[in-house]
Amino acid sequence: MRIGILTGGGDAPGLNGIIEAAGKTILNMGHELVGIEDGFEGVFDDRTKILTAESLKGLHQVAGTCLGTSNKCGTEGRESEFLEKYKKLNLDGIIVAGGDGTFRGLSEFKEEIKVIGVPKTIDNDLSGTEVTFGYDTACHVVADAVDALRATAHAHRRVIVVETMGRTAGWIALGGGLASYADAILIPERPFERKKLLQYINEKKKTQRGFLMVVAEGAHAVGESAEVAFKVEGAPQEERLGGISQRMAKWIELETGWDGRHVILGHLQRSHSPTTTDRFLTLAMGVTVGKMVKENAWGQAAVFKKGKVTQVPITELMGEPRLVEKDHRWVNMAQSLGIFI
Ligand code: F6P
């Protein structure tokens with residue numbers, strides 16, 4: 001068979017691991033492997049490259065995606081053009097690592113295009129899987145930053161607010177904040193009460209030299225909403241959030257007299273070399289994808305459930321985002337440690 005492989009949406013550590021593991025497994029079965037460049041843009045513009053065993057070597061340790069990706073290009077309004085261009089690629093099916101936007105963009109063509117999916121987002125909020133690759137690496141970046149910034153916060157007697165990605169889901173802030181024992185963690189699912197937060201900070205000021213707070217970009221106070229930083233016109237998801245850390249640092253300084261500084265981690269969370277956990281996950285998912293090709297499991301996705309990689313219909317990845325539940329055990333753990341959440 002002639003199998004295509006495409007990565008769509010924002011990049012995530014581990015995309016290259018999927019390409020290497022799935023690619024090697026597929027090539028070992030004697031199929032031809034065609035890489036589609038820059039997500040859907042590669043289909044529209046006919047940008048592809050043949051992937052060989054040699055070209056796949058060592059990819060697993062590199063962040064990003066050797067195919068390129070895009071979160072600006074959807075298929076909406078261009079459906080017939082997309083299908084026509086896709087047919088010209090002469091593929092028997094495609095492997096797609098992407099988020100809900102990518103799978104929604106393809107769902108129009110479920111009769112015509114055979115797809116095997118792999119859920120991807122550092123935000124860890126896709127439905128149909130218990131974890132997505134890239135998430136562990138993003139948490140590692142956050143924890144590493146908080147641990148490092150603690151030194152400066154304590155040296156200068158400062159509050160440092162660290163902003164993470166996470167539009168509607170607070171998994172990265174929660175995981176990274178817990179792993180680094182931050183003093184406070186603010187996530188979108190738990191709007192915070194300004195008065196209570198100030199009381200908590202003022203109490204800590206009596207005994208601590210520094211204070212570390214991790215804030216997801218989509219976090220907001222009760223009755224307020226997340227702030228939109230800018231828009232990417234025409235993208236499937238136009239709004240980009242950001243800036244809460246700066247506002248919080250200024251506000252805390254004003255209200256408590258404790259010097260405030262902020263750090264926005266931004267795309268560092270996506271561009272770090274994958275952790276061992278993410279490497280194992282993409283290795284297992286990639287090899288499973290190869291097995292799924294052999295079994296003609298088109299329309300299915302390789303996901304992680306109950307401790308192992310398994311298969312579910314791709315439609316399951318397009319459900320409501322998987323958010324941090326009110327009484328999630330990690331929230332309880334944070335509360336047991338005395339972390340403000
Ligand atoms: O991958 C999802 C995400 O990381 C969001 O948390 C974030 O808001 C967005 O991507 C940023 O995307 P861009 O690459 O367009 O800045």
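By convention here, the first residue in the shown sequence is residue 1. FYI, side chains are in, hydrogens and waters are out, and symmetry mates aren't considered; it's all heavy atoms of this structure. First listed ligand is number 1; within each ligand, the first listed atom is number 1.
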Quiz prompt | side-chain hydrogen bond (donor to acceptor under 3.5 Å, both in side chains) evaluation trace for Asn296 with Trp298 | solution = CA-CA 6 Å; Asn296 271 311; Trp298 303 102; 3.0 Å; yes
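Below 4.0 Å from some heavy atom of Glu217 lie the following atoms of ligand 1, by number and element: 5 (C), 6 (O), 7 (C), 8 (O). Of all atoms in ligand 1, listed by their number and element, those nearer than 4.0 Å to a heavy atom of Asn71 are 12 (O), 13 (P), 14 (O), 15 (O). Near His267, the atoms of ligand 1 lying under 4.0 angstrom from a non-hydrogen atom of the residue are 13 (P), 14 (O), 16 (O). Set against the non-hydrogen atoms of Gly166, the atoms of ligand 1 under 4.0 Å away are 6 (O).
With a heavy-atom cut-off of 4.0 Å, Gln269 does not touch ligand 1 at all.
Between His220 and Glu227, every side-chain heavy-atom pair lies at or beyond the 4.5 Å cut-off.
When hydrogens are left out, the protein atom nearest atom 2 (C) of ligand 1 is Asp123 OD2, 3.2 Å; that is the closest non-hydrogen contact. Atom 15 (O) of ligand 1 has as its closest protein heavy atom Arg240 NE, 2.7 Å. Nearest protein heavy-atom contact of atom 4 (O) of ligand 1 is Met165 SD, 2.8 Å. Atom 9 (C) of ligand 1 has as its closest protein heavy atom Arg270 NH1, 3.8 Å.
The backbone N or O of Leu212 sits less than 3.5 Å from a side-chain atom of Asp183, completing a donor-acceptor pair. Checked by atom type and distance alone, the side chain of Arg47 never pairs as donor or acceptor with a backbone atom of Phe44 at under 3.5 Å. Glu130 places a side-chain N or O within 3.5 Å of a backbone atom of Lys306 that can act as its donor or acceptor partner.
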Side-chain donor/acceptor pairs under 3.5 Å, residues 158-169, sequence neighbours excluded:
from	atom 1	to	atom 2	distance (Å)
Glu163	OE1	Gly243	N	3.4
Glu163	OE1	Ile244	N	3.2
Glu163	OE1	Ser245	N	2.8
Glu163	OE1	Ser245	OG	2.7
Glu163	OE2	Gly243	N	3.0
Arg167	NH1	Glu239	O	2.5
Arg167	NH2	Glu239	O	3.3

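Ile122 and Leu323 fall into different hydrophobic clusters, where Ile, Leu, Val, Met, Phe, Trp and Tyr residues are linked whenever their side-chain heavy atoms come under 4.5 Å apart, directly or through other members.
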